[in-house]
Chemist: 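Here you go, one structure.
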Amino acid sequence: MLPTESKKALSFKRYIEDGDLVIVYERHDVMKPVKVSKDAVLQNRFGVYKHSDWIGKPLGAKVFSNKGKFVYLLAPTPELWTLVLSHRTQILYIADISFVVMYLEVVPGCVVLESGTGSGSLSTSLARAVAPTGHVYSFDFHEQRAVSAREDFEKTGISSLVTVEVRDIQGEGFPEKLSGLADSVFLDLPQPWLAVPSAAKMLKQDGVLCSFSPCIEQVQRTCEVLRSDFIDIRTFEVLLRTYEVKEVKVDTSSMADQSLEEDDGGLRPCKRKHRSNEEDDTVSHDKSSNATSSVVMARPCSEARGHTGYLTFARLQCLA
């Protein structure tokens with residue numbers, strides 16, 4: 001995330017330097033992370049881009065290829081990093097991540113425990129939320145995934161805020177050295193109920209736990225164990241619906257003609273197929289020429305992301 005001189009800061013430089021990581025943006029569904037090197041070039045369908053032309057430019061700049069085509073150079077924010085990172089495991093996306101950060105009550109200075117690390121999608125957002133004085137301790141049982149995660153956190157500039165360790169949290173629990181230090185705990189495990197007793201020991205009084213599970217049977221079993229030490233147990237399913245909004249040209253004269261049709265010298269309404277509310281487009285018209293008009297149409301995206309998983313939250317019961 002292109003940190004400033006302070007090792008604990010998590011902010012962005014205004015200008016690109018040699019060795020920085022940037023997100024090359026072609027369009028909303030075509031982006032890639034690129035490490036800037038003054039002697040390197042980027043080639044895509046739009047032509048050749050020299051990295052040397054990027055150095056010194058502000059983040060968000062439009063840069064041109066040898067063919068006159070352009071891309072944008074963006075900062076690797078957690079939101080964009082989630083969309084371009086290498087998938088070593090199934091990841092959490094923005095809708096679930098934002099919900100988790102809010103309901104775990106993660107603020108600057110918090111200590112957060114995470115298991116497992118996976119592809120590090122959630123870790124980057126947690127790091128930004130706890131910066132500059134907090135810390136994220138992330139655990140994964142798979143050594144190579146842990147190594148890859150450390151490399152990614154180094155690239156994105158959050159390695160000082162995230163510690164990744166190899167550990168089987170389901171079998172061994174969290175390290176005793178973190179007992180009573182965590183403000184919140186996040187579990188993304190096949191059998192999260194096995195880690196709940198250890199998580200309870202790690203949390204401060206009134207700390208919050210979240211467990212992510214794709215199957216409702218996992219949720220049920222986890223909730224049974226949570227009742228021993230936790231209160232305010234709640235489960236959510238976050239469903240996100242996006243819309244396409246675009247301007248199109250329509251022939252207004254033909255639209256008017258189609259509304260009526262002749263019948264034995266008279267006019268009668270034209271029968272139209274009834275459409276449901278979900279299929280209706282929200283339409284606004286520009287005052288244009290008599291023949292054509294600009295119409296702004298909004299409709300749900302045809303490829304909507306459906307079920308990802310269930311988020312179960314619980315608060316540690318105070319002993320007093």
Side-chain angles (χ1 to χ4, degrees), residues 12 14-16 22-34 41-51 53-54 57-85 87 91 93-99 237-308:
F12 302 106
R14 295 296 180 187
Y15 296 91
I16 299 170
V22 298
I23 304 297
V24 176
Y25 177 99
E26 292 184 23
R27 61 176 193 235
H28 75 279
D29 57 346
V30 181
M31 293 178 280
K32 66 181 299 184
V34 175
V41 297
L42 169 70
Q43 296 186 50
N44 63 12
R45 59 197 177 113
F46 297 133
V48 177
Y49 301 83
K50 294 181 180 179
H51 287 202
D53 295 337
W54 303 356
K57 290 189 179 297
L59 287 163
K62 179 193 291 187
V63 294
F64 293 85
S65 71
N66 61 330
K67 295 181 179 179
K69 304 295 184 180
F70 64 86
V71 295
Y72 293 97
L73 305 178
L74 306 179
T77 63
E79 292 80 9
L80 292 180
W81 184 248
T82 290
L83 300 176
V84 301
L85 57 77
H87 286 210
I91 70 169
Y93 288 94
I94 294 170
D96 287 324
I97 291 173
S98 57
F99 205 85
E237 180 184 24
V238 182
L239 301 176
L240 179 67
R241 190 179 194 185
T242 57
Y243 274 72
E244 295 175 342
V245 180
K246 58 184 178 180
E247 184 176 352
V248 297
K249 299 288 186 180
V250 296
D251 187 344
T252 54
S253 60
S254 63
M255 289 176 64
D257 292 340
Q258 290 174 2
S259 64
L260 297 172
E261 64 179 6
E262 295 183 2
D263 180 26
D264 296 330
L267 295 175
R268 66 179 176 83
C270 176
K271 292 183 179 179
R272 296 188 178 187
K273 182 181 179 182
H274 176 71
R275 302 173 68 189
S276 67
N277 290 335
E278 289 191 358
E279 293 174 335
D280 285 342
D281 293 324
T282 303
V283 180
S284 64
H285 297 267
D286 286 342
K287 291 182 179 179
S288 185
S289 65
N290 293 331
T292 61
S293 177
S294 296
V295 180
V296 178
M297 305 186 71
R299 60 184 177 186
C301 291
S302 56
E303 296 182 3
R305 192 180 301 278
H307 171 79
T308 56

Chemist: Got L73 and I16 here, is their nearest side-chain heavy-atom distance under 4.5 Å?
Modeler: yes
Chemist: Do L59 and V22 make a side-chain contact, defined as non-hydrogen atoms from C-beta onward lying under 4.5 Å apart?
Modeler: yes
Chemist: Would you say S293 and K249 are linked by a side-chain donor-acceptor pair, where the criterion is simply a distance under 3.5 Å?
Modeler: no
Chemist: If you define the side chain from C-beta out and look only at heavy atoms, does anything of E244 sit under 4.5 Å from C301?
Modeler: yes
Chemist: Taking all heavy atoms of I23 and all of A75, pick out the closest pair and write down the distance.
Modeler: CG1-O, 4.0 Å
Chemist: Hey, are the side chains of V71 and N44 touching, using non-hydrogen atoms and a 4.5 Å cut-off?
Modeler: yes
Chemist: Check whether more than 12 heavy atoms from other residues, nucleotides or ligands sit under 6.0 Å from atom NE2 of H28, and answer yes or no.
Modeler: no
Chemist: A side-chain contact here means heavy atoms from C-beta on lying under 4.5 Å apart; do R299 and K246 qualify?
Modeler: yes
Chemist: Would you give the length of the straight line joining atom CD1 of I94 to atom CG of L83, rounded to the nearest 0.5 angstrom?
Modeler: 5.0 Å
Chemist: Report the distance from atom CG of L240 to atom OH of Y93, rounding to the nearest 0.5 Å.
Modeler: 12.5 Å
Chemist: Distance check, rounded to the nearest 0.5 Å: E26 atom CD versus F70 atom CZ?
Modeler: 10.5 Å
Chemist: Give me the atom names and distance for the closest heavy-atom approach of M297 to V248.
Modeler: SD-CG2, 3.5 Å
Chemist: Could you give the distance from CZ (F99) to CD (E237), rounded to the nearest 0.5 Å?
Modeler: 11.0 Å
Chemist: Start with the C-alpha gap between D53 and V63, add the side-chain angles, then the distance that decides, and say whether side chain to side chain contact (heavy atoms under 4.5 Å, CB included) holds.
Modeler: CA-CA 8 Å; D53 295 337; V63 294; 5.9 Å; no
Chemist: Say you draw a straight line from CG of L85 to CG of L80; how long is it, rounded to the nearest 0.5 Å?
Modeler: 11.0 Å
Chemist: Using every non-hydrogen atom in the two residues, find where K67 and G47 come nearest and quote the distance to one decimal.
Modeler: CD-CA, 4.0 Å
Chemist: If you define the side chain from C-beta out and look only at heavy atoms, does anything of K69 sit under 4.5 Å from Y49?
Modeler: yes
Chemist: Restricting to non-hydrogen atoms, name the atom on T308 and the atom on V238 that form the minimum distance, rounded to 0.1 Å.
Modeler: OG1-O, 4.5 Å
Chemist: Could you check whether any side-chain heavy atom of S65 comes within less than 4.5 Å of a side-chain heavy atom of V48, counting everything from C-beta outward?
Modeler: no
Chemist: Are any of the side-chain heavy atoms of L42 and W54 separated by less than 4.5 Å?
Modeler: yes
